[in-house]
Amino acid sequence: MQIEVTVNGSTRRDDVEPRLLLVHYLREVAELRATNVGCDTTSCGACTVHLDGEPVKSCTVLAVQADGSTVTTLEGLAAPDGTWSPMQQAFRAEHGLQCGFCTPGMVMAAIGLLQHNPDPDEIQVREALEGNFCRCTGYHNIVRAVLAAAKATTTSLHPSSSSSSSQQDHRARPETPSRGPDLGAPPAITSGSAAP
Amino acid sequence: VIPAAFEYRRPRSLDEALGLLADLGDDGKVLAGGHSLLPIMKLRLTAPGTLVDIGRLPGLRGVEVDGDEVAIGALTRHADLSSSHRLATEVPLLAHVAGMIADPQVRNRGTIGGSLVHADPAADLPAAVLALDGSLLLRSAAGERRVRATSFFTGFLESDVRPGELLVQVRVPRSGAAPWGYQKFVRRANDWAIVAAAAVDGRVALAGMAATVLRATATEQALAGGASIADAAALADRGTDPTADMHADQEYRRHLARLLTRRALDGARGRA
């Protein structure tokens, strides 16, 4: 099946098998190998990427489900001149990694937190990272890194997702307000009347 | 691990989806967020011939007050539920429980409809909707029917969805300020419940205590008869049939059911 996915700002068209997982699409078709396959069972979070601006576990998404969507991987975080994003810089400054395997997923999950909670406390950081396992650090430095990034950041954490919103709109996606306090679109199904 | 090969269809409208499901019969399987289905497909525990991806169908996502009930579109994600101020006011148990599922990434994909239809006996939302005495609207090309949660969960990973039917909406009574509580016992933060108890307005539902989620009817009857929370909760494992596994044997699960029920009732919180 032909899919069109905007990965880290550039739109690709690829012919994929329906059963191809998004993580394999990113690693093997798009050749972006920062995103790791860890547990492959939706547990460890090493495969976390942003799908239309929100962190998801790409081992449990089909590439065809991302058709028409925007995906951001760790490779898409740095500025065009190569400057790391504040979150990446904070992970380095706070030594938020040892072996590095979980790091791409940790960074993507942490950015997802700051997008809707720019000033989290330590508990909120730990809860936001509950879907990401690190087998080296004991998490303390990771949490410090996220708190440091929150402190350092008031501006854009995620340039590619903010620029993608207009693109999303003209695609065939349904009304999916991403983070409204409430969902604007009421369910159309009340008593069999307003179904599309 | 890779799922077995399948055909993939992405209908553009609900009617098209219902037509497809009618044509496909047992060969078709509905894909929404995929966070129950894809893991078991990857493990080759199931291998549907055709996936009908309803994930982008319009009109099936959102939370709306409708009379005495709150209507929730089947494609409403756990993250939508847990961040909905409207739901937190109208049905606080459901908003709270949605935020307790797995982890943020999973909550960004998983849908309430998928969770209910999948009918995992250890899952959070089935227990919550059962405790709320909610109902489900199932639509097919032939029409629509409404099924109460009390009769929806029919067996292990089995629910009362007939071939060609699609769960389109979940309806729960507006519980408002009624006392509620949710207790979930897990070994690790993002695990499935070993046992969970959901309590609201004198009703209690348990997860992890049988092949389906189920109501603690003995506890409910005792409460209705004026028993203390402690005495009523001591009956919570009556009529349950828990399994034993590496996490807990049967007697420990029964203990958890009684304990968590008492805490859910004790800690039952009304609207602040």
Side-chain angles (χ1 to χ4, degrees), chain A residues 1 17-21 24 40-43 45 47-52 54-62 64-65 67-68 105 108-109 112-113 116 126-133 171-192 194-196, chain B residues 1-10 12-15 31 33-35 38-39 41-43 51 53 55-66 71-77 79-80 83-87 102-109 137 139 143-144 168-170 188-191:
Chain A
M1 175 179 167
E17 256 195 288
R19 63 176 170 169
L20 181 70
L21 301 171
H24 293 136
D40 204 6
T41 58
T42 341
S43 300
C47 65
T48 300
V49 301
H50 287 202
L51 180 60
D52 292 326
E54 296 181 319
V56 302
K57 294 181 172 178
S58 60
C59 76
T60 310
V61 177
L62 300 170
V64 289
Q65 289 178 288
D67 182 23
M108 300 312 290
L113 166 67
H116 64 92
R126 289 182 182 275
E127 287 180 347
L129 297 179
E130 70 178 321
N132 293 75
F133 297 169
R171 301 235 169 250
R173 293 184 67 77
E175 299 150 350
T176 48
S178 56
R179 279 287 172 195
D182 241 311
L183 296 166
I189 316 289
T190 43
S191 5
Chain B
V1 283
I2 312 293
F6 53 84
E7 298 285 321
Y8 175 83
R9 306 290 297 273
R10 191 193 302 146
R12 288 193 167 77
S13 70
L14 183 57
D15 284 343
L31 173 70
H35 272 49
L38 294 177
M41 287 176 64
K42 289 170 68 178
L43 294 170
L51 287 191
D53 184 355
R56 301 180 187 189
L57 286 184
L60 292 178
R61 184 177 165 199
V63 175
E64 184 187 53
V65 175
D66 184 12
I72 301 160
L75 291 180
T76 310
R77 305 168 312 159
D80 302 328
S83 64
S84 165
H85 295 318
R86 195 178 300 163
L87 194 64
D103 55 57
Q105 292 97 313
V106 170
R107 296 195 289 271
N108 279 338
R109 292 294 291 173
L137 295 190
R139 189 174 293 186
E144 188 172 272
V168 291
Q169 194 181 84
V170 181
R188 296 171 306 187
N190 64 353
D191 272 348

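Below, read A as the first sequence line, B as the second, and so on, with proteins coming before strands; counting in each chain starts at 1.
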Heavy-atom check, side chain of B:Pro104 versus side chain of A:Leu113, under 4.5 Å: no
Hey, what do you get for [atom1] ([X]) to [atom2] ([Y]), rounding to the nearest 0.5 Å?
X	Y	atom1	atom2	answer
B:Arg9	A:Met1	CZ	CE	10.5 Å
B:Leu43	A:Asp40	CG	CG	9.0 Å
A:Thr60	B:Gln105	OG1	CD	10.5 Å
A:Phe133	B:Asp103	CZ	CG	8.0 Å
A:Gln65	B:Tyr8	CD	OH	6.0 Å
A:Asp67	B:Arg10	CG	CZ	4.5 Å

Residue pair A:Leu62, B:Leu51: steps toward the side chain to side chain contact (heavy atoms under 4.5 Å, CB included) verdict: CA-CA 11 Å; A:Leu62 300 170; B:Leu51 287 191; 4.1 Å; yes
Top contributor to chain A interface from B:Gly34, B:Ala102, B:Ala74, B:Gly143 [non-hydrogen pairs under 4.5 Å]: B:Ala102
Top contributor to chain A interface from B:Val65, B:Val1, B:Asp191 [non-hydrogen pairs under 4.5 Å]: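 Of the options given, most contacts go to B:Val1.
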Donor-acceptor contact below 3.5 Å, side chain B:Asn108 vs main chain A:Val56: no
Relative to chain A, which segment of [X] carries a heavy atom at a distance below 4.5 Å: side chain, backbone, both, or neither?
X	value
B:Asn190	both
B:Leu75	neither
B:Val106	side chain

Candidate pair A:Cys59 and B:Lys42, rule side chain to side chain contact (heavy atoms under 4.5 Å, CB included), full reasoning: CA-CA 10 Å; A:Cys59 76; B:Lys42 289 170 68 178; 3.7 Å; yes
Carboxylate-amine/guanidinium contact A:Glu130 B:Arg107, below 4.0 Å: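 Answer for the salt bridge query: yes.
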